[in-house]
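Single-structure report; data block below.
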Amino acid sequence: MDYIAHLTLNTGIFIILAVSLNLINGICGQFSLGHAGFWAVGAYTGAAYSVYMALPVPDFINLFISCIVGFISAAFAGVIIGVPCLRLRGDYLAIATLGFSEIIRIVIVNLDVVGGARGFTNIPNWSNLFWVYSWVVITIIIIANIINSTHGRAIISIREDEIAAESMGIHTFKYKTLAFVIGAGFAGLAGSLFAHAQQFLHPNGFTFLWSVIILLMVILGGLGSITGSIIGAIILTVLPELLRFFGETISQWRMVVYSLLLIILMLARPGGIFGKHELDIKSWFRRSKL
Amino acid sequence: MLEDTIYFFYDLVQYFINGLAQGSIYALIALGYTMVYGIIRLINFAHGEFYMIGAFLGFYVVIAGHSLWIAFPVAMIGSGIVAVIVERLVYRPIRSAGRIPALITALGTSLFFQYLGQGVIGAEPKAFPSVINDQTFMFGEIMFTSTQIIIVGVTFVLMLFLWWLVGYTKVGKAMRATSYNREAAELMGINTNRIISITFFIGASLAGAAGVLVGLYYSTIEPMMGLIPGLKAFVAAVLGGIGNIPGAVVGGLILGIAENLVMGFWASTYRDAIAFAILIFILLVKPTGILGKNIKEKV
Amino acid sequence: MNSSFIKIIKNILIYLGIISLTVSNAYSNKSKPTIDVGAVFAMTGPTATFGQESISGIKLALKTINKEGIAGRKIRLILEDNKGEPLESANAVRKLIDMDKVSVVLGAVASSNTLAGAPIAQKAKVPLLTPSSTNPKVTMMGDYISRACFTDDFQGVVMAKFAKETLKKSRAAIIVDNANDYSKGLAKVFRQKFQEFGGTIVSKDDFAYQQKDVDFRSILRRVKRKKPDVIFVPGYYTEVGLILKQAHQMRFNVPFLGGDGWDSPKLQQLAGKEAITGHYLSSHFSPDDSSPKVQNFVKEFKKEYNERPGAMAALGYDATFILANALKNAKNLSREEIKVAINNTKNFSAITGNITINKNRNAVKSAVVLKTTPAGNVFVQKVDP
Amino acid sequence: MLDNSVILETKEITMRFGGLVAVDNFCIQLKKTDLIGIIGPNGAGKTTIFNMITGIYTPSAGDIILDQKSIKNRRPAVITQLGIARTFQNIRLFKDLTVFDNIRIAGHFRMNYGLLSSVFRNKKFHSEEKRLENETLELLEIFDLSDKKNYLAKNLPYGMQRRLEIARALATRPKVLLLDEPAAGMNPKETKELTDLIRWLRDKFQIAILLIEHDMKLVMEVCEKIHVVDYGMQIAHGLPKDIQGNPKVIEAYLGTQ
């Protein structure tokens, strides 16, 4: 069941991407449209480590190092982009981050050392379900633990009211940057896992459309809800694949179906499936008893 | 050496002219962007698709053997009507839900039209017939074509019309009032829903006109054609100061000229990167754009 | 925290369950009266035009093949869209191999898409035959990957030779599509070979544009300044048509050369009557070829789609026939034997020439040089490998 | 040290927006437990003064001294940490968070554990969180909000939201508290309670309080000293009874005949 295994694996990678973007967009309230850029940075640096500098150690250790390389380089890109851009708000921040992620892509197209427009080949196949989902769990624990601490509350307060947060003695800029950099870092980590699952990278795989798709995962589940992001990632990774099973015609029209579903969902539930709340199965039972 | 210098100036002027024509198209699309953003604070990602729809409507009218005098109005009215329908069915219900859901819906609408276009008319580019006799004028080393003149001319006229409409008519006054404070405008007896529909109609008509002009100028149209110019037009709108009509034109022209200078003197590989770099620079230095006014958040 | 772990695991299990249910209902216990062939092409997305054209060729070929079938069995085509994206291509190839249990995969056009799918096919030991990915790296992925066309290298050599020896030109400029691996590959070989043959390339770096560009006036201006006597533009017709048109407006009077990416009737439409005359391209076949095979293909294609076939359609058509031929010659219809049969293709007479698959699993066949005219491309010469 | 040393002083601060002078040479001194009011008609520049003191605006001229140190070019967050807390005219609570979290956020900068501690949940994390929780509960108890602990701030009645905002400001442990129209929108009963609360706060926490208010009765009753501003200029200051009879003040409020 290679197909399902890989689909599950990709889903894991997108869970990391969605949860990390949620930290920026949902928890901190900074509207970023450039997640594909950080994903690309992590994928390419992680892959470059494995292709050019891999140490003579077991594969899983190399994968671990490559993930760390991906995390650090994407986080570094996050600092470079975040420090100037996070002064901007709302739509302007969105468009600036979009611009940066396109610039990242264009730079990769022109970098021959990682294949440029020809694509980066011969990346070892080190990712597997176990490691991907270990990282998924680690990512969720780290981000959830940060959110449920004083640092997380500081980040949330920025989303609620930036001026009031500043007046409560919170260095809003520092915390915005922190959320942005951590989010970018985990996107980079996901990138490295992705590179070692796909074994091939191409700049066209990291276009603006992907930033939108990751954002949709977050929004579908509900901005600010971690469980929402996880479910959003699952739905939006599985749905397009599921549409493949409805025959050639549907398959050709699936992007139309996909965009229609999206519009309808937004009209029906603009806050996403879970809004800002976490999924709590127990509460369903409580409600049904009433 | 002297010859090189002379050539340099010839080239400079040439790139400037090319940029002016390309920038005019960005400007036409940016006008619609800026109007819609100005009135409901929505980045209407589907705006690039209105431009695509206009191009195809014009294309089919011309293919059917009619002249440009029919193609232009059909394209403009057609994309205007599509925009009004989209506004009515999609954007109006979502408006109250806030800006981010509206933005997502706009993205969804944009994808919908792109892929619908690919499904219905096919992905391959269509050759727009050359219906006007495209003459080339040469002044020494500098060259321009009649299409370029038409594009710059049409853009300029439409901008003036819009400027007049918004600044000096009753509808324009209602638009400004709606943009400034929708509730208050409603209380003053303005039917803001109608005003918003009109704004969408006008914005999309301009994009439709741009679509036909692009068909004439580059002679190729395809369902994905709205994606990149749509983004660029947004950059142009922000550059000039979003919500500001002359600003959209200034932004479009600057972007077009800058891109052509980069292509001419450096490498076109970095053209899009430069466009976004300009955008980011402007946002950081003067977030309200070149012609925008500074607004401080009230505490 | 603990509860959210459980939640996550639960979610994963639930969704795995849903998938396996759907899938097992649809795919279990199926006896196969047909030979299933998967196809991965861009049916939507920015490069859909090439995918759709290839599929037209493939479907036309299947129509003929399925009249008789292969030993009484028909070929069933299962088409998957990859949106022109590497990730989607990988997913599609996996789905075809894993869910549909196809015997062979055909696809894709863009080498970046094929490269994403190739390692999967190789690992699963399913033959993958690409009709038109010309990047040399593609077939290096393993013995299950082969192609029905020549590589970038060959076309580059053909055009360099043609420019220098037939057209007797000595100063060439290269305009390359920088976002396109195909274009960059051709440009690299052309540059190297043209200089080997004694010509000069007018600039150290290639002039570059990006796929989807529409305005080339400023680049062309720069090219003109260098005073080349021939210009090599190894791009796709979608942009080349516009380059030719704009160059004509700018009063260029040197020939432009290109590769098979030019070969589509759309080139004529996009460039317009005046601009299209007098340029050259290398391609896989000539519709003017008087051989009945080619004429029959052109006629049938016109009948079916009301259009002249381009190179992608011809390659898709040929790849399907190479496959059918291999299926007929294979000892049995195991994937292993099909692979052997494809790789043993020798001197197979197809519309794009006599095709032999060499030991690197690349098609060895002649290329043709065509001259562009408003009515279509006309045959100039044939170049053997 | 003297108990009545000056804690906050503005030295001729001026704020210009383009050509408009919103505040002109405003001076005020607060001693350690002063309770001072600023009054003036709408648009007189009162809130702008607060915004300058709290660092949201940087004064175009003049200086602001807190504890003998200039805080003129400091960020709002730093100024809060140095000991100035404020409330807002149009209530800026974290609306979608609970009452409990609203207060906890104000205690953030006094928390003493790093990011890594929050990831690994070590001893320090738990002890610090426990401390914050206790302090928060204590404060809620003082403000009579304990039973509303888990309510979302936006679901509280208006008067209670005001109270929560003051509690939140106090949670930053300020030396000076700035209240921006605390009685706005309150009914007479609530206003009365507020008057008592303000006095009691000063005595209990030993802080200086500066308040902007429209409600003359409240200001006259609670403040020991009053500054009057009009068109950005300070037109009078002194004891409440002096202000009441000042013709300039009457003119500013009622206009010239």
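Scope of the values below: all heavy atoms of this structure, side chains included, with no hydrogens, waters or symmetry mates. Note that the coordinates shown come from a computational prediction; the quantities given were computed from them, not determined experimentally. Just so we're on the same page: letters track the sequence lines, and every chain starts at 1.
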* To do: List for me each residue that meets side chain to side chain donor-acceptor pair (under 3.5 Å) alongside A:Glu166, sequence neighbours excluded, and say none if there are none.
  => A:Thr172, D:Arg75

* Counterpart residues, side chain to side chain donor-acceptor pair (under 3.5 Å), relative to D:Tyr158 (two or more places apart) ->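 Scan of D:Tyr158 (side chain to side chain donor-acceptor pair (under 3.5 Å), adjacent residues dropped) gives D:Arg162.
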
* Which atom of D:Phe125 lies closest to which atom of A:Ser149, heavy atoms considered ->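 For D:Phe125 and A:Ser149, the tightest heavy-atom pair comes out as CE1-CB, 3.7 Å.
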
* **Nearest heavy-atom neighbours spanning A:Ser167 and D:Ile56** =>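 So the two residues come closest at OG-CD1, 4.3 Å.
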
* List the steps and the verdict of side-chain contact (heavy atoms from CB on, under 4.5 Å) for D:Thr80 and A:Met168. => CA-CA 6 Å; D:Thr80 307; A:Met168 289 303 114; 5.6 Å; no

* Between D:Thr172 and chain A, which part of the residue has a heavy atom less than 4.5 Å away: side chain, backbone, both or neither? ->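 For D:Thr172, side-chain heavy atoms alone lie under 4.5 Å from chain A.
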
* Asked: Which answer fits D:Leu132, side chain, backbone, both or neither, if we ask what part of it has an atom under 4.5 Å from a heavy atom of chain A?
  -> side chain

* Asked: Should D:Gln81 and A:His171 count as side-chain neighbours, where that means a heavy-atom distance under 4.5 Å?
  -> yes

* Within residues 94-117 of chain D, residues adjacent to chain A where the heavy-atom gap is under 4.5 Å -> D:Phe94, D:Lys95, D:Asp96, D:Leu97, D:Asp101, D:Arg104, D:Ile105, D:Ala106, D:His108, D:Phe109, D:Met111, D:Tyr113, D:Gly114, D:Leu115

* Asked: Where does A:Ile182 contact chain D at under 4.5 Å (heavy atoms): side chain, backbone, both or neither?
  ->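 Only the side chain of A:Ile182 comes within 4.5 Å of chain D.
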
* Interatomic distance, D:Ile91 atom CD1 to A:Asp161 atom CG [nearest 0.5 angstrom] ->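 Here the rounded value is 12.0 Å.
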
* Structure fact -> In this structure, CZ of D:Arg121 is separated from CD1 of A:Ile141 (nearest 0.5 Å) by 10.5 Å

* Pairing residues for D:Glu128 by the salt bridge (Lys or Arg N to Asp or Glu O under 4.0 Å) criterion, not counting sequence neighbours ->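 Scan of D:Glu128 (salt bridge (Lys or Arg N to Asp or Glu O under 4.0 Å), adjacent residues dropped) gives D:Arg131.
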
* **CZ/A:Phe173: more than 12 non-hydrogen atoms of other groups inside 6.0 Å** =>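 For A:Phe173, atom CZ is crowded (more than 12 foreign heavy atoms under 6.0 Å).
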
* To do: Step through the shown structure and confirm whether more than 12 heavy atoms of other residues, nucleotides or ligands are within 6.0 Å of CZ on D:Phe205.
  => yes

